[in-house]
Amino acid sequence: AKSRTADRFNPSSVWIPTYPEMESPRVASLLPGWTETVLALGGLNRLVGISHECTVPSDSSIPRIHKLTRGKFDSTQMTSHEIAAVHNASTRNIALASMFASQYNDTHIRNLVEFNLCSFYHIDLMALINASPNVILTQVELGSGAVTLEEIEQAVRLVLGNPKVQVLSYNPSTLNEIYAMTMQIASECQLDGQSLVSATKKALREQRSFYMVHAETIKNEYGWSMKSCAVVQWLDPLYIAGGWVPEVIYEVFGIEDCCCRPGGPSLPSTWHDLEYKAPDFLFIAPCAMDLRQTKIEMNRI
């Protein structure tokens with residue numbers, strides 16, 4: 001049965017053409033991690049759109065790949081504290097806008113796509129329409145009750161004039177979930193995913209072997225003992241990385257104590273608490289920050 005949104009939507013009032021049915025994968029990837037997965041699968045020629053923060057190899061044989069997003073704010077000139085505050089406020093405002101806006105008008109349909117299709121960026125609607133994807137890889141923050149993934153997908157289908165567009169949202173928290181995500185993306189791209197999953201597992205084993213060979217030398221020469229560590233996911237406020245990160249640390253270094261539960265959420269912390277836990281090693285890896293920004297933030301702290 002058609003949803004009420006579909007019944008009340010008036011296609012004639014929208015400037016968007018209806019696209020013909022497309023059989024081959026036309027993939028829009030809205031996060032750098034998902035784009036890198038597609039590229040690692042050998043799917044450069046499947047990509048028709050990426051985020052403004054994604055990078056892809058230049059290839060004259062590949063048709064234009066559209067930039068589909070813009071930042072919600074310019075994070076390059078902001079501290080980690082400012083970024084966290086603006087992101088949280090932006091997320092709340094979008095949720096409130098979705099909650100109180102009319103659910104049955106064209107503007108709301110477009111707003112659903114522009115503001116909710118990706119939790120981290122705004123969507124350039126005209127670029128999305130020009131790219132005309134039939135598979136969209138994204139990450140959508142759900143749970144507020146304001147909007148569901150099904151509503152977002154329905155809005156995307158209406159905007160693109162294609163009832164078969166799929167919106168696939170991923171937020172893997174374990175290595176097995178990453179492997180499963182890789183296999184699904186490969187399936188949607190009509191590519192071989194098992195080879196990449198096997199290669200990833202092999203790379204982790206090789207890194208573990210490399211570390212074990214040198215671990216004793218490191219301990220003897222420097223007195224370093226790696227029995228515990230913490231991976232800093234964000235600096236201000238301080239967050240210790242959970243999810244799949246502790247699993248990778250264990251697979252490579254054999255360390256079980258990462259100050260965070262494998263597969264669990266990243267945990268807020270304080271520098272005083274971290275000092276009390278006294279991990280042997282501290283990995284500074286702020287999400288989406290490059291080395292330059294990370295050094296600036298560390299100097300502030």
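Note that the numbering runs from 1 along the sequence shown for the chain. These numbers were taken from a predicted model, which means no experiment stands behind them. Because only heavy atoms are used, hydrogens play no part in the values below, and waters and symmetry mates are left out as well, while side chains stay in.
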Atom pair CD (Glu247) and CD (Glu177), whose distance is rounded to the nearest 0.5 Å
9.0 Å

The reported gap from CG in Asn171 to CE in Met181 (rounded to nearest 0.5 angstrom) is 10.0 Å

Can you list the steps and then say if Leu128 with Leu117 is a side chain to side chain contact (heavy atoms under 4.5 Å, CB included)?
CA-CA 11 Å; Leu128 184 68; Leu117 181 55; 4.2 Å; yes

Can you confirm whether Leu31 sits close enough to Cys118 that some side-chain heavy atom of one is under 4.5 Å from a side-chain heavy atom of the other?
yes

Mind checking whether Leu168 and Ile185 have side chains closer than 4.5 Å, heavy atoms only?
no

Can you tell me how far the CG atom of Asp290 sits from the CD1 atom of Ile296, to the nearest 0.5 Å?
8.0 Å

Compare every heavy atom of Cys258 with every heavy atom of Ile240, then report the nearest pair and how far apart it is.
CG2-O, 3.9 Å

When every non-hydrogen atom of Arg208 is compared with those of Val252, the smallest separation belongs to CD-O, 2.9 Å

Is the backbone of Cys54 close enough, under 3.5 Å, to the side chain of Lys67 for a donor and an acceptor to pair up by distance?
yes

Using side chain to side chain contact (heavy atoms under 4.5 Å, CB included), reason through Leu274 and Leu282 one step at a time and then give a plain yes or no.
CA-CA 10 Å; Leu274 201 56; Leu282 192 62; 3.6 Å; yes

Spacing of Trp34 atom CH2 and Leu47 atom CG [to the nearest 0.5 Å]:
14.5 Å

How far does OG of Ser269 sit from CD of Glu275, to the nearest 0.5 angstrom?
11.5 Å

Taking side chain as C-beta onward, heavy atoms only, is Pro57 less than 4.5 Å from Leu39?
yes

Is Leu204 close to Leu175 at the side-chain level, that is, under 4.5 Å between some pair of heavy atoms?
yes

If hydrophobic clusters are built by linking Ile, Leu, Val, Met, Phe, Trp and Tyr wherever their side-chain heavy atoms come under 4.5 Å apart, do Val48 and Val156 end up in the same one?
no

Glu188 side, atom CD; Asn134 side, atom CG - distance, nearest 0.5 Å:
9.0 Å

Thr69 side chain to His122 backbone, donor-acceptor under 3.5 Å:
no

Is Phe283 close to Val245 at the side-chain level, that is, under 4.5 Å between some pair of heavy atoms?
no

Minimum heavy-atom distance Ile255-Ser228, with the two atoms named:
CG2-CA, 3.7 Å

Ile123 and Val165: same hydrophobic cluster, using ILVMFWY side-chain contacts below 4.5 Å?
yes

Counting N and O atoms only, with roles assigned by atom type, does the side chain of Arg70 sit under 3.5 Å from a partner on the main chain of His52, one being a donor and the other an acceptor?
no

Can you tell if the side chain of Lys227 reaches within under 4.5 Å of the side chain of Asp257, non-hydrogen atoms only?
no

Measure across Leu196 and Thr37 and return the closest heavy-atom pair with its distance rounded to 0.1 Å.
CD2-O, 4.2 Å

Minimal heavy-atom distance between Cys259 and Leu267, with the atoms involved, is O-CD1, 4.2 Å

Pairwise side-chain contact, Ile152 with Thr138, heavy-atom cut-off 4.5 Å (strictly under)
no

List the steps and the verdict of side chain to side chain contact (heavy atoms under 4.5 Å, CB included) for Arg46 and Leu191.
CA-CA 10 Å; Arg46 307 300 204 265; Leu191 296 167; 3.4 Å; yes

Over all heavy atoms of both residues, which pair between Gln184 and Tyr170 is shortest? Give the atoms and the distance, please.
OE1-OH, 3.1 Å

Kindly check if the number of other-residue, nucleotide or ligand heavy atoms within 6.0 Å of OH (Tyr250) is above 12?
no

Is any side-chain heavy atom of Leu158 less than 4.5 Å from a side-chain heavy atom of Val113?
no

